[in-house]
Amino acid sequence: MEGTSSQSVTTSHGGLYYYKVITAAPVLDVWRAALRVTTGEAHLYARQGSAPTTTSNTIASEHAGNDGFTRQLSHATGAGETWYLLVDADAGTQFDLVAGDVHVGNLGELAADATSGSGPDSIPPEGARFYKTSIPAEALAWRLWLQDASGTATRNHDFFVRKGFAPHSSSPTHYDRKRNGQGLMVPDFLAPGGGDLYYVGIWGDPGETFQLDSRQQEITDIAFDGTVPVAAANSFRFRTFRVPVPVDQTAWEVAVTPSSGDPNLCLRRDQVPNPFNNDAFSEVPSPSVADSISLVLPDLSDGTVYLTVYSSGDYAGELRNREPLVTPIDYALSLIHISEP
């Protein structure tokens, strides 16, 4: 079952066409059935173990034009399942039916620019598009941005990521990460230079168009005790900064003050953070209040700290890091002498 088992049919009178598929072990834990309709109209139905009908089935795909589906299937134990496929075709329809392993686009090694993205692409008949990439040693984090067909706006749909095998949306046991529109992958899930392959799955209706921007996360160096503007407007909403924290600091404060939107903040020592993997974070649910983090000994030490500013929407503001302001407070002490009898 390698995605090459196919049938081509041209029907002058239309009707019901049944097919039997016995699965082999899929290479990447997912198999597909894809009905490509060249002329006319047809729909696809499937059931495991017995023949489906148009009204009684496990899977029904009834889009205008192409149809299909994907199913999770273990590479270790998935061989030997029996599936029956039904194509219900109108008169004059020409179609190709393909069953087997999913097709996976190769994005190559993750680059520092858009060359490791998909470019303009579309959802195939099976309703899901898959890609694979590898992470070089110099990549500190992985930026994934699902865009519209023009590559200028975020496509607010879920996508799924898995290490080693193709993900499937049917259950959290079949994917490692699920994100909507945008996502930042960081260690320890990410293992730069480790030789692993990472797979991305994007679901939608056949024919929907999109672009996947897949590249290394850009890291901006800023000075200790410095201030920089931060903004994300119709762009990737995760901004990462690197700060060298000097020795002998007893306290350190980091804050992002919004001028629009609601930016949040997280930080991590030695590795890039995201909202799910960090040493500290601030997500104040108010666009008029700054998000801030203060570190003191023993949690604070010298070295490299990474800051990520993020939000679910566009934002602008100012990122500041500094020694916190300390206000002296007089201490009043009263001594009471008590004599023992």
Applying salt bridge (Lys or Arg N to Asp or Glu O under 4.0 Å) to K178 and D158, what does each step give before you reach the verdict? CA-CA 7 Å; K178 174 184 176 181; D158 291 338; 3.6 Å; yes
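- The aromatic rings of F238 and F236 lie tilted to each other, with the angle between the two planes from 30° to 60°.
- Cation-pi geometry between R32 and F69 is not met at under 6.0 angstrom from the ring centre and within 45 degrees of the axis.
- The CG atom of D176 lies 9.5 Å from the CE atom of M185; values are rounded to the nearest 0.5 Å.
- Using a 3.5 Å distance cut-off with no hydrogens or angles, the side chains of N156 and T154 do not pair a donor with an acceptor.
- E218 CD: 12 or fewer foreign heavy atoms inside a 6.0 Å radius.
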Are E253 and R320 close enough, and set up right, to give a salt bridge (Lys or Arg N to Asp or Glu O under 4.0 Å), and what steps lead you there? CA-CA 8 Å; E253 177 186 85; R320 181 190 69 234; 3.2 Å; yes
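- In this structure a side-chain-to-backbone donor-acceptor pair under 3.5 Å is missing from N277 to P273.
- Between R268 and D270, none of the side-chain N atoms (NZ, or NE/NH1/NH2) sits under 4.0 Å from a carboxylate O, so this pair counts as no salt bridge.
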Is there a side chain to side chain donor-acceptor pair (under 3.5 Å) between S61 and H43 once you walk through the steps? CA-CA 6 Å; S61 180; H43 299 313; over 6 Å; no
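- With sequence neighbours excluded, the residues satisfying side-chain hydrogen bond (donor to acceptor under 3.5 Å, both in side chains) with D121 are R129, Y131.
- Side-chain atoms of S56 and R47 form a donor-acceptor pair, as typed in the model, at a separation below 3.5 Å.
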Please test S8 against D96 for side chain to side chain donor-acceptor pair (under 3.5 Å), starting from the C-alpha separation and ending with a verdict. CA-CA 4 Å; S8 297; D96 293 307; 2.3 Å; yes
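- Defined by atom type and a distance below 3.5 Å, a donor-acceptor pair is present between the side-chain atoms of R269 and S301.
- N321 is listed as a side-chain neighbour of I222, based on a closest heavy-atom distance under 4.5 Å.
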Could you walk me through whether R143 and D213 pass salt bridge (Lys or Arg N to Asp or Glu O under 4.0 Å), step by step? CA-CA 8 Å; R143 151 184 163 164; D213 186 310; 3.4 Å; yes
Show your working on side chain to side chain donor-acceptor pair (under 3.5 Å) between T308 and T240 and close with a plain yes or no. CA-CA 4 Å; T308 296; T240 300; 3.1 Å; yes
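- Side-chain polar atoms of E109 and S134 form no donor-acceptor pair below 3.5 angstrom.
- At a threshold of 4.0 Å, the pair D29-R162 counts as salt-bridged, since one of the basic side-chain nitrogens sits closer than that to a carboxylate oxygen.
- Looking at E283 and Y310, their side chains do bring a donor and an acceptor atom within 3.5 Å of each other.
- Applying the ring-ring contact (aromatic ring centres under 6.0 Å, His included) test to W83 and every residue at least two apart in sequence or in another chain returns W31.
- Side chain to side chain, D88 and T54 fail the donor-acceptor criterion of an N or O pair below 3.5 Å.
- Side-chain contact annotation: Y17 with T11, donor-acceptor N/O pair under 3.5 Å present.
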Full working for side chain to side chain contact (heavy atoms under 4.5 Å, CB included) between E208 and D148: CA-CA 9 Å; E208 287 185 353; D148 63 8; over 6 Å; no
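- Using a 4.0 Å cut-off between a side-chain N of Lys or Arg and a carboxylate O of Asp or Glu, D221 and R242 qualify as a salt bridge.
- Checking each of T257, D262, V254 against D291 for a side-chain contact (heavy atoms from CB on, under 4.5 Å) leaves exactly one that passes, namely D262.
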